[in-house]
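All chains are named by letter (A, B, ...) in the order of the sequence lines, taking the proteins before the strands, and each is independently numbered beginning at 1.
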Amino acid sequence: MIDIQYIRDNPDLVKQKSEQKGYKVDIDALIELDSRRRKLQSEIDTIRESRNKNTDDIKKSGKPTEEQIKRGVEIKQLLSQKEPEFNDIDLKWLGLYKQVPNMSLDDVPVGSSEDDNVVAKIVGEPTKFDFEPKNHAEIAEAKGWLDKERAAKVAGSRFAYLMGDLVMLDWAMNMFVLSKLTDRKFISKLIKDNNLDLDDKPFIPVQPPAVAKTEVYEATGRLNKEEQTYKLADDDLWLNASAEHVMAPIYLNEIINESQLPIRYVGYTTAFRREAGTYGKDMEGFLRMHQFNKMEMESFTNSETSYDEHLLMIAVQESIMKELGLPYRVVKKCTADIGGPNASGVDIDVWLPGQGKYRETHTADLITDYQTRRMNTRVRKQDGSLELAHTNDATALSQRPLIAILENYQTADGDVVVPEVLIPFMGGKEII
RNA sequence: GGAAGGGUGGCCGAGUGGUUGAAGGUACCUGUCUUGAAAACAGGCGUACCGGCAACGGUACCGAGGGUUCGAAUCCCUCCCCUUCCGCCA
């Protein structure tokens, strides 16, 4: 949620920014409800004040008089009228309030679909082959690394058995990325190279719960019941669609001392996505699955450093792509594409020779205080004051770079050359 | 799944119907002392909402929701969570 006071003070701007994101929220109705709600609240407060006065009088005299009891009963009746009225308005108010998306930063391109995203830079050249490159599905199936037919028998479409050296390679990549993120020197260098004003604390690896309760999941602003999130039918639990969704709420209802910031985690979970509305899209291989493993950076900062933290995460992503030797581009997502909780969103797209185009492998989300306002995660500043913590999340590694390696490192014989940085994590194997 | 105990301020912890928004400790902030720090001493210190330029005032909040009562942290009901033991189990 964004600050209600901000909505009161800037209704037109909030309308405009919401529309730019493709959100239809009735801001006028929200403001109308808001003022009715406040009026009722102060009425109720006044009635309660009189109740407390009455109680106070009784306290002083010791024994209540008939008169005082009568007044108490009257007050109670009055409250029993006003309170349900307030609760009703409050519920409607909150319903609308929750729909207001985060405000995009001014440097986020305004656009109405992902076609309006802006390519910020391109690094590396699309890989050239002196043979016709295959796509990752062809390579993996020929090697016996990918079996979707049997997975379909067991779990349905968009599931897969990944096997053999592909699994080894996946784990090697995870270990490679973890070894980077937990290395203070690596973080320190990125901060210096990018002129960021940040602490060089490394990321702490986390294996979080893969599920979250409804209330908690909703607070992340990421619960998408219709299209994305799986529900566990017998429990009040949802399967995470990203470790972000179970990492961001970690400090629910807590106050973090500013001296502990930044807190940087890299959470690893299996992510689950319904992918409703994508029927027939990306059906080949394992580009778009109901289930995949992902490492996600999640950090908690104060408000001053959250933007730099966003840039750090992008720098981490780029650095990993570079070391893996993958051609990629950096895309500034437009207002329509960054998502409700985001103030800014940047994608890394990798070049896939098998498709002859760039495909998204990483996202970096600057959330500011949108999630923490609802999660009530605050920071005790050095001067003793409180502010809402800021969060950033970003992909450290999904299974899509694996696809990129198969396609960019394939040989004419159908083998795959192991990228140099991964060889130590592959038991020395140079080709698979 | 069975049994027992418990959820109070940043943290620990008193408190079983009315001067308890909450003792005490600790942490934190300020001051005295000190070359500096520590220690000691003194003072300060919850959050949210509403009103006010402000000083300040009002209301709410003792896991959540409901109830009893003139009045609830305290009594009753429902739910959630945690701890311990037993059972089952990677």
Side-chain angles (χ1 to χ4, degrees), chain A residues 1-9 30-98 100 207-219 231-232 234-238 246 249-261 263 268-270 300 302 369-389:
Chain A
M1 295 192 292
I2 67 171
D3 189 353
I4 187 70
Q5 191 60 47
Y6 185 84
I7 301 175
R8 288 175 196 144
D9 294 343
L30 174 60
I31 286 175
E32 159 69 15
L33 275 172
D34 184 57
S35 73
R36 277 171 66 195
R37 181 177 172 278
R38 279 199 285 172
K39 189 159 167 277
L40 254 178
Q41 172 160 31
S42 83
E43 279 177 33
I44 288 171
D45 281 357
T46 310
I47 298 168
R48 284 175 175 160
E49 185 182 1
S50 68
R51 178 181 67 187
N52 291 343
K53 288 240 166 72
N54 192 41
T55 303
D56 238 32
D57 291 345
I58 294 171
K59 239 189 285 183
K60 273 178 205 145
S61 55
K63 270 238 161 93
T65 64
E66 295 266 315
E67 180 91 1
Q68 283 167 328
I69 289 178
K70 206 175 131 208
R71 193 173 339 146
V73 171
E74 280 166 11
I75 290 168
K76 193 161 36 167
Q77 279 166 350
L78 203 53
L79 273 179
S80 70
Q81 277 175 359
K82 292 281 181 188
E83 280 173 343
E85 198 181 329
F86 176 85
N87 289 342
D88 185 51
I89 286 176
D90 186 53
L91 215 63
K92 287 181 187 147
W93 170 83
L94 188 64
L96 267 184
Y97 183 19
K98 285 195 292 202
V100 181
Q207 294 184 345
V211 297
K213 301 176 206 176
T214 303
E215 195 191 342
V216 176
Y217 214 130
E218 272 184 341
K231 174 92 207 277
L232 296 183
D234 293 337
D235 298 280
D236 180 34
L237 291 171
W238 300 77
V246 286
I250 189 170
Y251 295 114
L252 194 75
N253 292 319
E254 289 192 46
I255 296 171
I256 306 167
N257 205 307
E258 191 172 30
S259 63
Q260 294 172 263
L261 299 179
I263 297 174
Y268 181 78
T269 63
T270 299
F300 297 82
N302 59 20
D369 59 9
Y370 191 82
Q371 292 175 330
T372 52
R373 181 167 286 107
R374 239 167 121 183
M375 297 186 296
N376 195 29
T377 298
R378 291 169 297 173
V379 174
R380 172 79 62 189
K381 305 279 282 181
Q382 227 78 61
D383 65 8
S385 64
L386 282 173
E387 72 168 16
L388 289 164

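Residue Ile89(A) contributes atom CD1, which lies 15 Å from atom P of C50(B) at whole-angstrom precision. Look at CG on Asp57(A): it is 11 Å from C1' on C70(B), rounded to the nearest Å. In this structure, Glu215(A) atom CD and C79(B) atom P are separated by 18 Å, rounded to whole Å. If you take CD of Glu258(A) and P of G10(B), they are 18 Å apart, rounded to a whole angstrom. One interatomic measurement links the two molecules: NZ of Lys70(A) to C1' of C70(B), which rounds to 13 Å at whole-angstrom precision. Taking atom CD1 of Ile256(A) as the reference point, atom P of C28(B) lies 19 Å away to the nearest angstrom. Atom pair Asp90(A):CG and C50(B):C1' shows a separation of 14 Å (rounding to whole Å applied). One interatomic measurement links the two molecules: CD of Gln207(A) to C1' of A90(B), which rounds to 14 Å at whole-angstrom precision.
Taking atom P on both nucleotides, A73(B) is separated from G17(B) by 13 Å, rounded to a whole Å. One C1' atom belongs to A22(B), the other to G13(B), and the distance between them is 12 Å to the nearest Å. Across A72(B) and C85(B), the matching P atoms stand 39 Å from one another, rounded to whole Å. The gap from the P atom of A40(B) to that of A27(B) amounts to 9 Å, rounded to the nearest Å. Across C29(B) and A37(B), the matching P atoms stand 13 Å from one another, rounded to whole Å. Across U20(B) and A4(B), the matching C1' atoms stand 31 Å from one another, rounded to whole Å. Comparing C61(B) with G66(B), their P atoms are spaced 11 Å from each other, to the whole Å. Straight-line distance between the C1' atoms of C81(B) and G63(B): roughly 7 Å, to the nearest whole Å.
Of the residues near RNA chain B, Arg8(A) and Ile255(A), the one whose nearest nucleotide (by heavy atom distance) lies more toward the 5' end is Ile255(A).
Between Pro209(A) and Val246(A), the shortest heavy-atom contact is O-CG2, 3.1 Å. The two residues Trp238(A) and Lys213(A) come nearest to each other via the heavy atoms CD1-C, 4.3 Å.
Taking the side chain as every heavy atom from C-beta outward, Gln81(A) and Gln77(A) never approach each other to under 4.5 Å. Taking the side chain as every heavy atom from C-beta outward, Leu30(A) and Trp93(A) approach each other to under 4.5 Å. In this structure, Leu40(A) and Arg36(A) have side chains that are not in contact, with every pair of non-hydrogen atoms separated by 4.5 Å or more. When side chains are defined from C-beta on, Glu83(A) counts as touching Arg48(A), because their heavy atoms get closer than 4.5 Å.
Pairing for C88(B) is absent, judged as Watson-Crick or G-U wobble with the two contacts each under 3.5 Å. A40(B) is paired with U32(B) under the criterion used here, namely a Watson-Crick or G-U wobble arrangement in which both key atom distances are under 3.5 Å. With both pairing distances under 3.5 Å, A54(B) is matched to nothing as a Watson-Crick or G-U wobble pair. Partner assigned to G71(B) is none, using Watson-Crick or G-U wobble distances below 3.5 angstrom. Pair assignment for C79(B): G63(B), on the basis of Watson-Crick or G-U wobble contacts that are both within less than 3.5 Å.
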Output one letter per nucleotide in nucleotides 51-69 of chain B: B when a protein non-hydrogen atom lies under 4.0 Å from the base, S when only the sugar-phosphate is that close, - when neither is. S------BSS--------B
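Within the 4.0 angstrom heavy-atom criterion, only backbone atoms of the sugar-phosphate kind lie near Leu386(A); the bases stay farther away.
Salt bridge annotation for Arg71(A)-Glu67(A): absent, with no cationic side-chain nitrogen under 4.0 angstrom from a carboxylate oxygen. Salt bridge status for Asp34(A) with Arg38(A): present, with a side-chain N to carboxylate O gap under 4.0 Å.
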